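Data block below; observations after.
Nothing here was measured: the structure is a model prediction, and the numbers come from that model.
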Amino acid sequence: MAFVRCWAEGLDMAASWNRYMFVDGAADARRARGELQRLLDELRSLARAHGRPEVAALLRRDPEAILEQGSKKPTLEEFRNRQPPDFYTEAELIELYQAEFGARDSRSPARRKQRLRERLVLAVQWLESVGAREPRPEDPISAWLDERVAARLAGVGIQRLSELTFWIRTKGFHWHRGIPKVGPEGAARIVRWVREHESALGALPSPALVPMSQIDTAALTPVRRIGIVPLERFAPPSERDGSKGINRAPLERCKVAAGNDYEAIQAWLRLRVQGTHTWRAYRKEAERFLLWSVMERRKALSSLDGDDCVAYRDFLAAPGPEWTGPRNAQRWSESWRPFEGALAPASQAATMTIVRSLCEWLVRRHYLDSNPWDDVPKRPDAPSMPRLRALSQKQWDLVQGWLSEQPPSPALRRLRFILSYAYMSGMRLSELVSSKVEWLRHEQLDDGEWAWSIMVLGKRNKWREVPLPDPAVEALQEHFADRGLDSELLANPPDTPIIAKLSLNAPLSAARLYEVLVSAFERCAADIAAVDRRAAERIREASTHWLRHTYGSHSAARGVPQDVLQANLGHESLATTSIYVRAEKGRRHKAVQAAFGSPRLKA
C-alpha cells in the first residue's frame with residue numbers, strides 16, 4: 001500500500017520500489033510499473049467488492065497522462081498504445097480518454113493533475129482502512145511478503161510470522177545466512193518491516209539489528225542466574241556450587257586456584273586457546289556436564305559418583321525437551337539450549353571422552369579426590385563402521401560446476417578461492433584462519449626448481465611444511481589481486497591474512513569461515529538435488545573438515561606416498577593417514593568384479 005501511495009503522490013517509482021518492494025535487487029522503472037499495474041488491478045477488485053465502482057474507475061486514471069498546457073492532444077489510438085495491452089475494453093478506454101482529454105476548462109493541466117493525485121491518495125487511504133490490518137503472529141508469511149521471498153523462507157521451515165520473528169531473535173543480525181537467495185539487503189528490508197509492526201509482532205533484540213562487533217557484549221549479557229543457560233550466565237545455587245563437594249580432595253593439596261566447580265572448569269578451559277575449535281568443543285561438553293549435574297541431577301559436579309555418570313551417559317541419548325533448542329541459536333538468545341537433540345553414538349562417545357578427561361585433570365590437580373568415570377564401563381556396543389567424511393571426485397566436480405554457474409560477485413570469488421586453498425592444502429579450520437603471508441615460502445629445491453610451500457602452525461603448537469601446487473599459488477595470486485594487494489605474494493606485509501573479510505584485509509573468525517563454507521555446501525546441494533540426489537545429500541553434510549579429508553583422499557588416490565601425506569596433514573601416527581589409502585580397496589573390488597560380475601559364468 002505504501003508503494004501504491006507513492007505512485008498516487010507522484011514519487012519516483014524505481015526509488016519507491018527500492019524502499020518498499022525490494023525483491024531480488026534494485027528495480028528499474030519498467031519493472032516497478034509492471035508491479036504497480038498488478039497491485040492496482042487487485043485494489044480495483046477490492047473497491048468493487050466493497051460497492052465502490054467509482055473508486056475502481058478512479059484507479060484507472062494516471063496523473064502523468066494529463067498533458068501540460070499547449071501539448072498536442074493524442075489520438076485515441078495513440079492513447080491506447082500507452083496502456084497495457086488488452087487491459088481495457090473499448091468502452092473503458094473511451095471513458096478513460098474522455099476523462100483525461102475531455103472539454104477544456106479554466107483549470108490548468110497542473111491543477112488538474114494535482115487534484116487527481118489528491119483524489120487518488122484519498123482512495124488509497126480508504127482502501128487501506130478496508131483491506132489492510134496489522135499483521136498477526138499467526139498469519140502466514142505469504143499474506144504479507146512477496147511470494148518469492150515467502151517460498152524461500154518456507155524452504156527452511158518458516159511458514160508464519162511468529163516463526164520468522166523467532167528465527168530472527170534466535171540467530172541475530174545474520175539470520176538470513178543459510179536461507180538460499182535471501183541476501184543482506186532483502187533481510188534488512190524484512191527486518192525494517194517487522195520493526196514497523198513491533199506493536200503486533202514484538203520488538204527485536206539489538207543483536208538482530210546490528211552486527212555483534214558493534215554491540216557492547218558485556219552490557220548485552222544478562223545477569224548470571226540459576227537455569228539452563230550458557231556457562232557465562234550460569235550461577236549455581238550455593239549448596240550445589242561444589243565448594244563443599246563430597247568428592248573434593250583436601251584443600252591443602254589442591255593445585256588449582258578454584259573455590260568451586262565453575263572456577264575449576266574455567267581453569268581447565270584456560271589451558272586451550274580461546275576461540276579455537278578445540279576450546280569451543282571442550283567448553284560445550286563441560287557446560288553440558290555442569291548444567292546437567294546441577295539442574296537435572298541436583299548435585300554439585302564435585303559430588304558426582306559412578307551411578308551419576310552412568311545416568312549422564314544415558315541422558316545423552318535422550319535429553320528432555322527443556323534441554324533442546326533450535327540449531328545454531330546464539331548464546332545471548334533466550335532460545336539457546338545445550339543440545340539440539342539426542343546425540344548420535346559417535347557424539348556420545350566423544351562427549352564422554354572429554355568429560356572423562358576433565359575429571360581426570362581435576363584429579364591430577366587434586367581438586368577431585370577420584371574420577372567418578374573410573375567406575376563407568378564402556379558400552380558393549382558393536383564398533384561403528386568407519387566412514388570417511390570426504391567428497392568423491394565426482395561430488396567435488398559437481399561443486400566446481402555449481403560454482404561456475406553462480407552470478408559473479410566478490411563473495412563468490414572469495415568462496416571459490418577458499419575452496420581451492422583448503423582443498424589443495426589440507427589445513428584444519430583453525431590453521432586456515434590463522435594463515436598469513438609470513439607463513440609462505442618460495443625456495444629453490446636441490447634439483448634447481450623453485451617451489452612454493454606454507455609453514456603451518458598446527459596442533460600441539462607444532463610447525464609443519466605443506467607444499468603448495470601451482471594451481472593453489474595461482475589462485476592465491478588472483479585472490480590477492482582481487483583484494484587490491486600485490487600479486488607478488490611475498491611483497492605484501494607479513495601479517496596480511498590469506499583469508500580475509502570482504503570489506504577489509506582483516507582475518508575471518510573460525511566460526512565465520514565455517515558458516516561461509518557450510519552455507520555454500522547447503523546451497524550447492526539444493527541446486528544439484530534434481531540432477532543427482534545422492535550426491536546432493538552427501539554435499540549437504542559437508543563442512544570445513546571434509547575439505548581436509550577430501551585433500552587426503554584425493555592425494556592418496558593420485559599416488560601421493562603415505563609418509564608424504566602424513567607430513568602434509570600433520571598426523572602423529574601413520575595409522576591415521578592410512579584411512580585415506582583406497583587404492584588397495586579399489587584393486588580388490590575390481591578383481592572380484594572381474595571374477596563374478598559377468599552375466600554368465602562359464603561352467
Side-chain angles (χ1 to χ4, degrees), residues 224-274 276 278-320 322-323 338-339 343 345-381 459-461:
R224 293 177 62 186
R225 64 179 177 86
I226 301 172
I228 305 175
V229 295
L231 191 61
E232 61 272 16
R233 294 171 51 190
F234 183 57
S238 57
E239 67 273 15
R240 285 174 284 185
D241 68 356
S243 56
K244 298 179 180 178
I246 297 173
N247 191 28
R248 287 289 299 271
L251 294 179
E252 61 272 14
R253 298 179 56 217
C254 187
K255 296 181 180 179
V256 59
N260 55 49
D261 298 340
Y262 180 90
E263 294 174 357
I265 287 174
Q266 292 296 340
W268 179 68
L269 288 175
R270 282 195 293 272
L271 300 177
R272 282 85 196 169
V273 179
Q274 186 171 351
T276 62
T278 300
W279 179 84
R280 288 194 299 273
Y282 280 36
R283 179 187 64 176
K284 176 176 67 177
E285 300 306 343
E287 180 176 64
R288 288 171 168 175
F289 193 41
L290 178 65
L291 290 174
W292 173 86
S293 172
V294 174
M295 302 304 299
E296 183 82 7
R297 203 64 173 173
R298 317 291 291 180
K299 298 173 73 172
L301 186 147
S302 54
S303 294
L304 297 178
D305 55 28
D307 289 340
D308 296 319
C309 291
V310 170
Y312 184 63
R313 182 192 66 184
D314 297 337
F315 169 81
L316 295 174
E322 69 274 20
W323 288 89
F339 296 90
L343 298 186
S347 298
Q348 294 175 38
T351 293
M352 288 185 285
T353 297
I354 292 174
V355 295
R356 188 188 295 267
S357 69
L358 163 64
C359 292
E360 183 61 37
W361 182 83
L362 293 174
V363 171
R364 291 199 306 271
R365 304 308 296 167
H366 302 298
Y367 179 84
L368 293 181
D369 188 56
S370 63
N371 187 344
W373 287 94
D374 288 344
D375 299 329
V376 181
K378 293 188 176 180
R379 286 181 181 274
D381 297 337
K459 275 188 174 181
R460 295 168 293 278
N461 221 31

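One distance of note links CH2 of W292 with CZ of F339; it measures 10.5 Å at 0.5 Å rounding.
Using a 4.5 Å heavy-atom threshold, the side chains of W323 and L291 count as touching. Side-chain contact check for M352 versus L316: some heavy-atom pair is nearer than 4.5 Å.
Taking S347 as the reference, L343, A344 meet the side-chain contact (heavy atoms from CB on, under 4.5 Å) condition, with sequence neighbours excluded. Remark: S357 engages no residue in a side chain to side chain donor-acceptor pair (under 3.5 Å) (not counting sequence neighbours). Residues satisfying the side chain to side chain donor-acceptor pair (under 3.5 Å) criterion with R253, sequence neighbours excluded, are H366. Residues satisfying the salt bridge (charged side-chain N to carboxylate O under 4.0 Å, His left out) criterion with E296, sequence neighbours excluded, are absent altogether. In this view, R288 and E285 satisfy the salt bridge (charged side-chain N to carboxylate O under 4.0 Å, His left out) rule, not counting sequence neighbours. Applying the side chain to side chain donor-acceptor pair (under 3.5 Å) test to E360 and every residue at least two apart in sequence or in another chain returns N371. Legend: residues meeting side-chain contact (heavy atoms from CB on, under 4.5 Å) with D241, ordered by chain and number and at least two apart, are P236, S243, N260. Applying the ring pair (Phe, Tyr, Trp, His ring centres under 6.0 Å) criterion to W279, with sequence neighbours excluded, gives no partner residue. Every residue two or more places apart in sequence or in another chain was checked for a side chain to side chain donor-acceptor pair (under 3.5 Å) with T276, and none qualifies.
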Donor-acceptor pairs under 3.5 Å, side chain of residues 300-308 to any protein atom, not counting sequence neighbours: which ones?
residue	atom	partner	partner atom	Å
S302	OG	G242	O	3.4
S302	OG	D261	OD1	3.0
S302	OG	D261	OD2	3.4
S303	OG	I246	N	3.0
D305	OD1	D307	N	3.1
D305	OD1	D308	N	3.0
D308	OD1	R297	NE	2.7
D308	OD1	R297	NH2	3.2
D308	OD2	K299	NZ	2.6
D308	OD2	D305	N	2.9

Could you pull out all donor-acceptor pairs under 3.5 Å where a side-chain atom in residues 266-273 meets a protein atom, sequence neighbours excluded?
residue	atom	partner	partner atom	Å
Q266	NE2	Y262	OH	3.4
R272	NH1	W268	O	3.0

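The closest donor-acceptor contact from the side chain of T353 to the backbone of A349 lies under 3.5 Å.
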